[in-house]
Amino acid sequence: MKPALAIKGLGLRYGRTWALRDCSLRLPAGSVIALVGPNGAGKSTLLQLITGLLRPTEGTVEVFGQDAGAGSAEALAQVGFVAQEHPLYQGFSVSDLLRMGRGLNLHWDRYLAERRLGELGIPLAKRAGSLSGGQQAQVALALALAKRPALLVLDEPLANLDPIARRDFMRAVMTAVAEDQITVLMSSHVIADLEAVCDWLVLLKDGTVQLAGAIDDVLDGHRMLTGPRTGAEPSMPGLVRVTHSERHIDLLVRTGPDRPDLHPTWRSQPVGLEELILAYLERPRETVR
Amino acid sequence: MFQFRLDGSSGVPAYLQLVQQVRQALLLGYLRSGDQLPTVKEAVASLAINPNTVVKAYRQLENEGMVTARPGQGTFITATIEPVAPGPHARLRRSLEQWVRDAYTAGLDDDMVTAMFATVRTELRAEGVA
Amino acid sequence: MIWFTWRQHRAQAFAGLTLVALTALTFLSYGHVIRGAYVDDGVGPCLRQDTGGDHCQSAMTAFMDRFNGIANHLSTWFSPLPGLIGAIVGASLLAREYEQGTWRLAWTQAVPRVRWLTIKILLVGAGIVAVTAALSAVFTWFRGPVDQVSGRFAPGAFDLEGLSLTGYTLFAFAAGVLAGLLLRRTVPAIVTAFAAFMAVRLPVEFWLRQHYRAPVTRLLPPTVNYSRGPRSVPTTPGTRPWVLDQGLVDKSGHPISPALAEQISRRAFGGTAEGDAHLRELGLHLKVVYQPADRFWTFQIIEAALFVGLAAALLGTTLWLLHRRSS
């Protein structure tokens with residue numbers, strides 16, 4: 001399948017520090033991709049490189065074959081972006097914002113935007129600044145979707161939203177996925193937000209990609225091995241994390257297609273998504289790679 | 001129309017929760033042959049989940065022969081799961097009763113009984129028995 | 001994009017129009033008073049009759065005593081105005097977008113950011129030109145009679161009339177846009193742009209401007225009135241030039257010694273004519289170094305070109321930085 005995003009050797013440097021380095025990814029079209037990592041891992045940087053807000057120091061980003069780094073109208077037209085805290089012109093009315101979208105875009109589905117906002121009961125005459133946080137997020141999403149983008153990029157879309165607004169927001173995003181088969185890339189540091197909605201995972205830490213793949217494949221490719229604790233520090237290929245208890249030891253390992261042969265005193269169990277992500281995020285820096 | 005629910009904290013993958021809910025509803029008689037399941041869009045709109053998850057669940061139900069997708073119309077229940085026959089049902093219940101009695105006699109409390117049951121179930125499932 | 005720019009800046013546009021309206025209302029009504037006095041005191045005919053007699057001298061002195069002060073206060077009140085207008089409007093272009101985070105909304109629509117900013121600069125710049133040109137027209141009309149006497153090179157005239165007000169404002173605007181890009185905060189950007197504006201504008205007024213063209217030097221019959229500032233006798237017929245320097249010189253063209261100057265100023269003459277005669281007997285001349293009044297537009301064009309050129313350089317830098325910016 002043609003990738004929605006093809007990223008090669010991408011890096012961005014601020015002054016002397018690299019916010020992102022050696023990032024290469026191919027993300028399949030039609031998937032809902034979770035971009036996960038701790039604060040400061042480079043998530044926003046990566047998203048802003050994809051949306052053309054930042055120019056890469058090195059490497060390339062292609063969105064459906066268009067160079068995003070160039071920031072051309074065509075490249076911008078196929079990416080819908082809802083930035084962190086879903087910024088809007090606070091003094092504009094909702095219909096002003098829609099008119100702005102129509103004026104500033106190559107494609108504009110006015111009917112779609114008005115229908116979405118109508119279903120949510122958001123009055124078009126109201127000033128953006130007087131809407132609730134959840135409503136503002138919905139307006140920002142409606143603006144991004146009315147562009148009819150092939151790729152929708154959401155930067156921490158659920159932060160600052162109450163649980164109902166979160167569900168409503170994801171409902172709107174998922175409906176767009178169901179209706180238009182758009183590809184979604186969303187960042188979050190709250191893993192629970194992502195489990196039900198994402199089928200792809202990109203794990204970013206310290207400006208580098210730690211793990212990327214379809215969530216099912218990733219979960220299939222990892223096992224939690226539990227066995228008796230011995231004196232020696234365990235070492236085996238693909239070891240992600242070791243957790244010591246008093247008498248037993250948990251090893252999270254990347255197994256590949258072949259399950260390792262285990263001594264009968266060891267037990268092998270599947271790993272949950274949250275546990276897996278946490279294990280990768282907790283790894284000390286020097287064991288990376 | 002049948003309504004799905006999702007329990008985010010159960011640890012059970014979302015698509016499996018959907019499959020189990022259909023199975024359970026069939027067992028309990030809430031769903032019968034000919035009933036229509038929510039369309040993918042409807043399920044997505046009510047649960048705020050990835051449409052691919054719903055598609056995956058429906059595909060599995062279809063593979064298990066419980067539903068049939070009719071293009072352009074939706075997904076319909078085509079099978080009824082036979083409730084467990086009275087004979088085996090009574091037998092299973094008796095043996096479980098005996099096991100729980102033994103457990104209490106051996107000094108296990110409610111939590112320990114539940115934990116042991118869950119462990120055995122998980123292990124058997126991991127071995128592919130269940 | 002045109003509607004969007006209008007929607008974002010319409011409040012500023014209304015403020016600009018209000019400013020023009022209030023200024024016009026105030027100065028047009030007071031301007032009538034000045035015009036009336038100009039006619040009633042017979043200042044016009046005096047200016048046309050070369051230096052005029054003592055009657056004209058006193059009429060013009062009275063007129064200038066009455067109105068020159070207010071006309072020059074104008075420059076004090078209004079000379080920071082272009083800096084303020086320009087800095088506030090300029091800073092709002094980028095700093096406000098950064099401050100409110102809306103740059104991420106604005107530049108992820110399908111208008112590339114360099115084009116986005118270029119269009120905004122052109123439209124807002126056109127608005128600035130319209131407002132400042134209107135203000136200049138009001139000031140020019142208001143100061144008309146005073147300018148007839150004191151010339152349009154006077155600080156309150158040169159800085160507010162013609163092209164300079166527009167040029168200054170465009171420069172401050174450009175500084176505001178660039179400061180907004182670099183500082184990303186509205187208030188610091190306004191302050192920085194205003195400071196930069198004053199740092200350029202003041203040296204230009206007090207030092208650079210007089211060098212735009214080589215001044216004219218003339219030797220005139222001596223007079224004891226030369227040192228009386230704006231109310232001194234016109235050294236040339238018609239509108240007063242911009243006098244850079246004047247003083248009594250001896251036959252060989254050297255300035256008179258301080259001792260002699262002291263002696264002249266101490267001496268009581270029966271009248272201006274007697275004093276002037278005495279100076280002639282001493283063989284002195286009045287040397288005047290000046291920029292002729294008819295160079296007003298030449299100087300206006302040079303100064304406007306300077307500030308508009310600086311503005312263009314700043315805006316070009318801003319667009320270039322925005323294009324290659326990685327943060």
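Residue numbers begin at 1 in each chain, while the letters A, B, ... track the order of the sequences. Side-chain atoms are counted along with the backbone in the values below, which use heavy atoms only and exclude waters and symmetry mates.
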ask   = Relative to chain B, which segment of Asp168(A) carries a heavy atom at a distance below 4.5 Å: side chain, backbone, both, or neither?
value = neither
key: Worked verdict on Lys56(B) versus Asp199(A) for side-chain contact (heavy atoms from CB on, under 4.5 Å)   = CA-CA 11 Å; Lys56(B) 191 172 168 186; Asp199(A) 45 29; over 6 Å; no
I need the minimum non-hydrogen distance between [X] and [Y], along with the two atoms involved.
| X | Y | value |
| --- | --- | --- |
| Pro51(B) | Ala178(A) | CG-N, 3.6 Å |
| Met174(A) | Ala48(B) | CG-C, 4.0 Å |
| Leu6(B) | Ala196(A) | CD1-CB, 4.2 Å |

If you count heavy atoms of other groups shown closer than 6.0 angstrom to [atom1] of [X], is the number above 12?
| X | atom1 | value |
| --- | --- | --- |
| Tyr104(B) | OH | yes |
| Arg115(A) | CZ | yes |
| Phe76(B) | CZ | yes |

message = Please identify, among Asp216(A), Leu273(A), Val173(A), Val184(A), the residue contributing the most non-hydrogen atom pairs under 4.5 Å to chain B.
response = Asp216(A)
remark   = Heaviest contributor of heavy-atom pairs below 4.5 Å to chain A, chosen from Val44(B), Val40(B), Val55(B), is Val44(B)
key: Distance in Å, Leu47(B) CG paired with Arg167(A) CZ, rounded so as to fall on 0.5 Å steps   =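 With rounding to 0.5 Å, CG (Leu47(B)) is 10.0 Å from CZ (Arg167(A)).
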